[in-house]
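Written out below as structure tokens is the structure these notes cover.
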Amino acid sequence: MENKFVDSHAHLDDERFNEDREELINSLYENGIETVLNPGADLNTSKAAVELADKYSFIYAAVGCHPHDSKFMNDETMNIFRELAKNKKVIGIGEIGLDYYYDNSDRDTQRIWFREQIRLAKELDIPYIVHDRDAHEDVFKIMKEEHYSGTRGILHCYSSSVEMAREFVKLGFYISLGGPVTFKKAKTPKLVAKEIPLDRLLIETDCPYLTPEPFRGKRNEPKYVKYVAEEIAAIKEVSIDVIAEKTSENFRKLFCL
Ligand code: NI
């Protein structure tokens, strides 16, 4: 039987899919993809994510503001996210977090709105999806401070250490690996794939970005998630079927689908 994968993080609303979005989405199933989670990154992309989720049964949405754009956040935008999240196909808040690599918004502002959006996930009792670039310590600190009994979610395109991954797992989170795990020089993601138990791992593309080998440099698409799965299967010395099954099961469990 052919493998079916869940792509736990894809931006199908991205303009790089404008030319062939519908065709691409309609061919996902035959290309081995059973479910896609499409997070937003600001108000417009969150609305676009909800529209896609409304249109296609196998696409789910998350809504939220990426740290790049947290400087545009205010109480009014928070209320719009709150309203959008009432849609049945919206299953999480994201992507939210901190990005100290680009620093597109100042760090205090990033931290304020990361915290506020975690509180929104708590209020709605849904998981949240975390973007962390070069901000591991502050991300962990805020998540720990905002920890509550139902805390759960995803560390998307995980790039920090194995030790930190273990701490996030203790907090109730899943570790999602993407294209970088296939890159030859990416030692840490490979180590994370090895050390973190399969029942806490998810796979993703983050398309159109972060295309795995052997297509690195081209536009990424959900169907390439199988190369991520293949790499993890090789590292864990299990079959790709096991990776497909377990990561799909993890996804359904996390979002109660
Ligand atoms: Ni993303």
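Start at 1 and go down the list; that is how both ligands and their atoms are numbered.
Per residue Asp206, closest N, O or S atom to the Ni ion (ligand 1): atom name OD1. The atom of Glu95 that is an N, O or S and sits closest to the Ni ion (ligand 1) is OE2.
Of the possible polar contacts, none joining the Lys89 side chain to the Tyr60 backbone as a donor-acceptor pair under 3.5 Å is found.
Using cut-offs of 30° and 60° for the angle between ring planes, the Phe168 and Phe173 rings count as perpendicular.
With Asp7 as the partner, the side-chain hydrogen bond (donor to acceptor under 3.5 Å, both in side chains) test is satisfied by one option alone out of Asn38, Thr35, Thr205: Thr205.
Atom-to-atom distance recorded for Ile142:CD1 and Leu98:CG is 5.0 Å, nearest 0.5 angstrom.
The nearest N, O or S atom of His66 is not closer to the Ni ion (ligand 1) than 2.8 Å.
To the nearest 10 degrees, the Ni ion (ligand 1) sees NE2 of His11 and NE2 of His9 at an angle of 90°.
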